[in-house]
Amino acid sequence: MPDFPNETENHMDLLSDPTLLRQHCQKWHSQGLSVALVPTMGFLHAGHTSLLDHARTRADKLVLSIFVNPTQFGPNEDLDRYPRDLPRDLELARAHGVDLAFTPEPQAMYQPDHATWVDVPELGQGLCGASRPGHFRGVCTVVTKLFGLVRPDVAVFGQKDWQQLAILRRMTRDLDLGVDIVGRPIFREADGLALSSRNVYLTPEERAQAPAIHEGLALVQGAVRAGERDVERLGLMFRAHLAEKLTGASVDYADFVHPVAMSPVACVEAPTLFAVAVFLSRVRLIDNILLEV
Ligand code: PAF
């Protein structure tokens, strides 16, 4: 895709060359302008645009990156069939006040002899890190690269990927990257299903049953409010609900962890993250709830 300054009514620039992105952002910084970054893999939905809307209020300039990052996909995952719709994404980006959309090709982001990786293994051992080896290493590496190119003052991520958010916060702190990491609430359909680009893979039957995941989370929150503290019993409650309402689904994990350290907890005595991943045939959906005691 060519790099060209786009003189549409919202003056959104479109770049695919990392060097040009760096120069563009450097110019803004030298003018004393602050910059917000929303990193995405595209196929934008209302969850993404809520991140853009928030980011828009946090800085003078707003950068959106759209990049299906190959290094965060395992060999048997959905890299090749990950949904893409760049023209629609750019339309949405313009409508939500993006100043610069960055849409690199993989070859522009990774040299053939790329050899440097960023990893936060301690926080990536459980949950999605256990099911998707190497996933967070790919996420941390690409986000570090985007931070290096954009030098954002603030970067905005969704809380649906809570573990990702916790890892990126820790990485940013540990490496003194100087970026304010902001997490925004999960955006849900009216029936409770968390918005995800992967929801398009669901069959109509699966889509109709998928809100059972959120119902299960709410059920667990209700039980905690009613005094249940034991994570084994709470986990069984969730699994039983899914077995009844989401036929054919299999639970990848349904775990209770400390919301910052991502370490397993045995009892819900303090705010605890209940995070789940569920397979519906070939689609893996994640969701979570911060349990209040
Ligand atoms: O959450 C995502 O969409 C991706 O993991 C991210 C943060 C854009 C990195 O590729």
Side-chain angles (χ1 to χ4, degrees), residues 16 18 21 36-52 54-55 62-74 77-86 89 92-93 96 98 100-110 114 116-120 123-124 127-129 131-150 152 154-172 175 177 179-187 194-201 262 275 277 283-288:
S16 58
L21 171 69
L37 170 67
V38 178
T40 75
M41 300 206 299
F43 209 68
L44 303 183
H45 51 63
H48 294 115
T49 56
S50 76
L51 304 184
L52 292 174
H54 179 77
L62 174 54
V63 177
L64 163 71
S65 64
I66 298 175
F67 178 54
V68 182
N69 173 37
T71 65
Q72 67 187 75
F73 288 79
E77 293 185 348
D78 57 347
L79 173 62
D80 292 338
R81 60 187 187 102
Y82 194 83
R84 291 163 167 88
D85 190 345
L86 189 56
D89 287 350
L92 281 169
H96 288 267
V98 169
L100 194 170
F102 177 55
T103 62
E105 294 296 325
Q107 313 83 274
M109 288 297 279
Y110 294 103
H114 179 96
T116 307
W117 301 98
V118 185
D119 204 2
V120 189
L123 273 62
L127 310 181
C128 288
S131 323
R132 305 184 67 190
H135 170 67
F136 289 119
R137 187 181 85 145
V139 171
C140 288
T141 303
V142 80
V143 170
T144 304
K145 286 164 70 65
L146 290 168
F147 283 2
L149 292 167
V150 175
V154 52
V156 184
F157 299 87
Q159 289 176 347
K160 185 164 78 65
D161 298 288
W162 186 292
Q163 187 180 22
Q164 166 173 284
L165 184 58
I167 288 174
L168 293 175
R169 275 191 210 287
R170 186 70 67 89
M171 175 191 90
T172 303
L175 298 182
L177 298 180
V179 181
D180 186 5
I181 303 290
V182 175
R184 297 293 295 165
I186 297 176
F187 209 93
L195 260 62
S196 163
S197 302
R198 291 186 169 99
N199 289 351
V200 292
Y201 297 150
M262 294 289 111
V283 190
R284 183 174 173 279
L285 299 181
I286 59 170
D287 205 342
N288 68 69

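One-based numbering, in listed order, for ligands and for the atoms of each.
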Enquirer: Of the non-hydrogen atoms in Gly158 and Leu165, which two are nearest, and what is the gap between them?
Expert: O-CD2, 4.4 Å
Enquirer: Below 4.5 Å, heavy atoms only, C-beta onward: do Arg170 and Met262 meet side chain to side chain?
Expert: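 Sidechains of Met262 and Arg170: no contact.
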Enquirer: What pair of heavy atoms forms the shortest contact from Thr141 to Val118, and how long is it?
Expert: OG1-N, 2.9 Å
Enquirer: Determine whether the side chain, the backbone, both or neither of Leu168 has a heavy atom under 4.0 Å from any heavy atom of ligand 1.
Expert: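 Near ligand 1, Leu168 shows nothing, with every heavy atom at 4.0 Å or more.
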Enquirer: Quick check: closest heavy atoms across Pro152 and Leu37, and the distance to 0.1 Å?
Expert: CB-CB, 3.8 Å
Enquirer: Considering only non-hydrogen protein atoms, determine which one is nearest to atom 3 (O) of ligand 1 and report residue, atom name and distance to 0.1 Å.
Expert: Met41 CG, 3.6 Å
Enquirer: Need the ligand 1 atom indices (1-based, order shown) with element for anything under 4.0 Å from a heavy-atom of Thr40.
Expert: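 Heavy-atom distances to Thr40 below 4.0 Å select 8 (C).
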Enquirer: Any atoms of ligand 1 less than 4.0 Å from a non-hydrogen atom of Pro39? List them with their elements.
Expert: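 Once the distances to Pro39 are compared, the set is 8 (C).
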Enquirer: Mind checking whether Tyr82 and Phe73 have parallel, tilted or perpendicular rings, split at 30° and 60°?
Expert: perpendicular
Enquirer: Give the residue, atom name and distance (to 0.1 Å) of the protein heavy atom nearest atom 7 (C) of ligand 1.
Expert: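 Nearest protein contact, heavy atoms only, for atom 7 (C) of ligand 1 is Gln164 NE2, 3.5 Å.
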Enquirer: With rounding to the nearest 0.5 Å, note down the distance linking OG in Ser197 to CE in Met41.
Expert: 7.0 Å
Enquirer: With a cut-off of 4.0 Å, which atoms of ligand 1 are near a heavy atom of Val142?
Expert: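 Those qualifying, in numeric order: 9 (C), 10 (O).
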Enquirer: Around atom 10 (O) of ligand 1, find the nearest protein heavy atom and jot down its residue, atom name and distance.
Expert: Gln72 OE1, 2.6 Å
